[in-house]
S.K.: 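My structure is below; once you've seen it, I'll send some questions.
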Amino acid sequence: MVRPEARRRARLSQNFLTDGDAVRLILRCSGVRPGDLVVEPGAGEGALTRPLARRAGRVIAYEIDPALARRLSRRLAADPAVRVAGRDFLTAGPPAEPFAVVGNIPYARTSEIVRWCLAARTLTSATLLTQLEYARSRTGGYGRWTLRTVQSWPEFRWRLGPRVGREAFTPVPRTDSAVLRLERRRTPLLPPSALPAYRALVAEGFTGVGGSLRATLSRGSRGSRGSRGSRGSRGRPPGRVRAAFRAAELAPGTPVGHVTPAQWLALFEELHPAGAGERAPLPDGDPDRGRDG
């Protein structure tokens with residue numbers, strides 16, 4: 001007979017971090033410093049909460065499981081650096097001041113949590129322990145790039161961090177995990193006024209209309225995934241699209257998922273030169289300099 005606690009863990013996708021080395025690894029990757037405000041989704045039993053509080057000094061720990069939230073509140077009642085919120089992290093608004101998200105998040109809610117982070121205007125970074133496959137696929141680890149990564153690239157770096165073995169959790173999940181880092185750029189790679197048009201172009205390209213990316217961009221499309229209410233430019237001159245592909249160093253038949261974020265930026269600059277404006281220069285030593293995203 002399955003115990004109620006086991007059913008609850010399965011329903012809430014709960015795998016608790018129990019390895020001290022993994023906790024220290026996440027702290028190092030997060031880069032949080034004294035005085036930072038940290039928001040922790042899925043605090044669970046507090047494996048990360050206390051170390052985060054010691055390092056940053058201010059933690060809002062969200063836990064959707066009422067029993068765990070009550071237990072964590074009692075455990076940390078004497079710690080003024082922690083506020084436990086017994087509610088769904090996804091229903092909370094972001095803090096008004098700059099903050100970082102750090103957490104061992106439920107696998108089943110990873111996409112929703114990432115979407116929340118990207119939409120939070122005051123977020124500086126997110127350090128998320130996710131399923132290994134998810135972290136790899138969102139950072140180009142399989143030679144492919146997703147719609148969300150490409151659309152957000154002008155504002156956020158996506159980085160694949162260290163791997164964390166499945167044995168670091170209780171109960172033990174079926175797969176290993178990895179640290180996924182989202183870092184807001186100090187200066188976006190495009191002017192803010194150009195970001196909606198860039199996102200619309202990328203969404204249009206991912207529709208697959210026409211059978212290939214070049215055909216899609218040559219045709220244009222009415223409305224596109226991820227750009228509600230927008231209209232693509234219909235009938236772009238084929239010569240202009242060919243020139244954009246040459247500028248981006250793309251072969252004519254390149255599948256849309258194989259186009260890197262840097263190549264998408266090059267396409268946008270060629271197809272929307274007025275909107276692209278002057279791209280922000282990357283400082284010396286920036287890890288994106290000279291790389292295709």
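Everything quoted here is computed from the prediction, not taken from an experiment.
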S.K.: Is there a donor-acceptor pair under 3.5 Å between the side chain of Asn104 and the backbone N or O of Asn15?
M.R.: yes

S.K.: Within the side chain of Gln263, is there an N or O that forms a donor-acceptor pair under 3.5 Å with the backbone of Thr260?
M.R.: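 Yes.
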
S.K.: Hydrophobic clusters here meaning ILVMFWY residues chained together by side-chain heavy-atom distances under 4.5 Å, can you tell me if Trp145 and Val259 are in one?
M.R.: yes

S.K.: Return each pair, listed once, that meets salt bridge (charged side-chain N to carboxylate O under 4.0 Å, His left out) where at least one residue sits in residues 239-259; pairs must be two or more places apart or across chains.
M.R.: none

S.K.: Cut-off 3.5 Å, no hydrogens considered: what does the side-chain donor-acceptor table look like for residues 22-34, sequence neighbours left out?
M.R.:
residue : atom : partner : partner atom : Å
Arg24   : NH2  : Asp21   : OD1          : 2.6
Ser30   : OG   : Leu27   : O            : 2.7
Ser30   : OG   : Val32   : N            : 3.3

S.K.: Using a cut-off of 6.0 Å, state whether more than 12 heavy atoms not belonging to Glu270 lie near its atom CD.
M.R.: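 Check passes, neighbour count above 12.
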
S.K.: Carefully, step by step, assess Arg136 and Leu160 under the rule side-chain contact (heavy atoms from CB on, under 4.5 Å).
M.R.: CA-CA 6 Å; Arg136 278 183 174 170; Leu160 176 63; 4.0 Å; yes

S.K.: Should Ile105 and Leu72 be counted in the same cluster of Ile, Leu, Val, Met, Phe, Trp and Tyr side chains packed under 4.5 Å apart?
M.R.: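 Per the 4.5 Å side-chain linkage, Ile105 and Leu72 are not co-clustered.
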
S.K.: Quick one, Leu68 and Glu45 - any side-chain contact, counting heavy atoms below 4.5 Å?
M.R.: yes

S.K.: Closer than 3.5 angstrom, by distance alone: can the side chain of Thr216 be matched with the main-chain N or O of Val209 as a donor-acceptor pair?
M.R.: yes

S.K.: Ignoring hydrogens, what is the shortest heavy-atom contact between Cys117 and Phe156? Give both atom names and the distance.
M.R.: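 It is O-CZ, 4.5 Å.
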
S.K.: What pairs with Arg186 under side chain to side chain contact (heavy atoms under 4.5 Å, CB included), at least two apart in sequence or on another chain?
M.R.: none

S.K.: Applying the 4.5 Å side-chain criterion to the ILVMFWY set and letting contacts propagate, would Trp264 and Leu250 be lumped into a single cluster?
M.R.: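 Yes, it is one cluster - the side chains of Trp264 and Leu250 are joined through contacts under 4.5 Å.
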
S.K.: Where do Leu213 and Gly205 come nearest, in terms of heavy atoms and distance?
M.R.: CD1-CA, 3.6 Å

S.K.: Check whether any side-chain heavy atom of Thr110 lies under 4.5 Å from a side-chain heavy atom of Leu128, and answer yes or no.
M.R.: no

S.K.: Using salt bridge (charged side-chain N to carboxylate O under 4.0 Å, His left out) as the criterion, list what pairs up with Arg214, not counting sequence neighbours.
M.R.: none

S.K.: Determine, for Arg199 against Glu204, whether the closest basic-nitrogen to carboxylate-oxygen distance falls under 4.0 angstrom.
M.R.: no

S.K.: Between Val59 and Leu129, is there shared hydrophobic-cluster membership here, with clusters defined by ILVMFWY side-chain heavy atoms closer than 4.5 Å?
M.R.: yes

S.K.: Tell me whether Val102 shares a hydrophobic cluster with Ile113, the cluster being built from Ile, Leu, Val, Met, Phe, Trp, Tyr side chains joined at under 4.5 Å.
M.R.: no

S.K.: With no hydrogens and no angle check, is any side-chain donor or acceptor of Arg185 less than 3.5 Å from a backbone partner on Trp153?
M.R.: yes

S.K.: Judged by atom type as modelled, is there a donor-acceptor pair below 3.5 Å linking the side chain of Arg236 to the main-chain atoms of Leu217?
M.R.: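 Such a contact is found between Arg236 side chain and Leu217 backbone.
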
S.K.: Checking Asp176 side chain against Arg166 main chain: does a donor-acceptor pair fall under 3.5 Å?
M.R.: yes

S.K.: If I compare all heavy atoms of Phe268 with all of Ala197, which pair ends up nearest, and what's the gap?
M.R.: CE1-C, 3.7 Å

S.K.: Would you indicate whether the side-chain heavy atoms of Arg184 and Thr124 approach each other to under 4.5 Å?
M.R.: no

S.K.: Side chains of Thr175 and Gln131: do they bring a donor and an acceptor to under 3.5 Å?
M.R.: yes

S.K.: Nearest heavy-atom pair of Ala78 and Pro80: which atoms, and what distance?
M.R.: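 Where Ala78 meets Pro80 most closely, the heavy atoms are O-CD, 3.2 Å.
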
S.K.: Side-chain contact test, heavy atoms from C-beta onward, threshold under 4.5 Å: evaluate it for Val101 versus Ser125 and give yes or no.
M.R.: no

S.K.: Output side-chain donor-acceptor pairs under 3.5 Å for residues 81-96, partner residues at least two apart or in another chain, one line each.
M.R.:
residue : atom : partner : partner atom : Å
Arg87   : NH2  : Thr91   : O            : 3.0
Arg87   : NH2  : Thr91   : OG1          : 3.2
Asp88   : OD1  : Leu90   : N            : 3.0
Asp88   : OD1  : Arg109  : NH1          : 3.0
Asp88   : OD2  : Arg109  : NH1          : 3.4
Asp88   : OD2  : Arg109  : NH2          : 3.0
Thr91   : OG1  : Asp88   : O            : 2.7

S.K.: Does Arg157 reach the side chain of Leu182, with side-chain heavy atoms less than 4.5 Å apart?
M.R.: no

S.K.: Distance from Ser73 atom OG to Asp79 atom CG, nearest 0.5 Å?
M.R.: 12.0 Å

S.K.: Let me confirm one number: the CG-OG distance from Leu132 to Ser177, rounded to the nearest 0.5 Å.
M.R.: 7.5 Å

S.K.: Which residues satisfy the side chain to side chain contact (heavy atoms under 4.5 Å, CB included) test with Arg138, sequence neighbours excluded?
M.R.: Ser111, Tyr134, Thr146, Thr149, Trp158

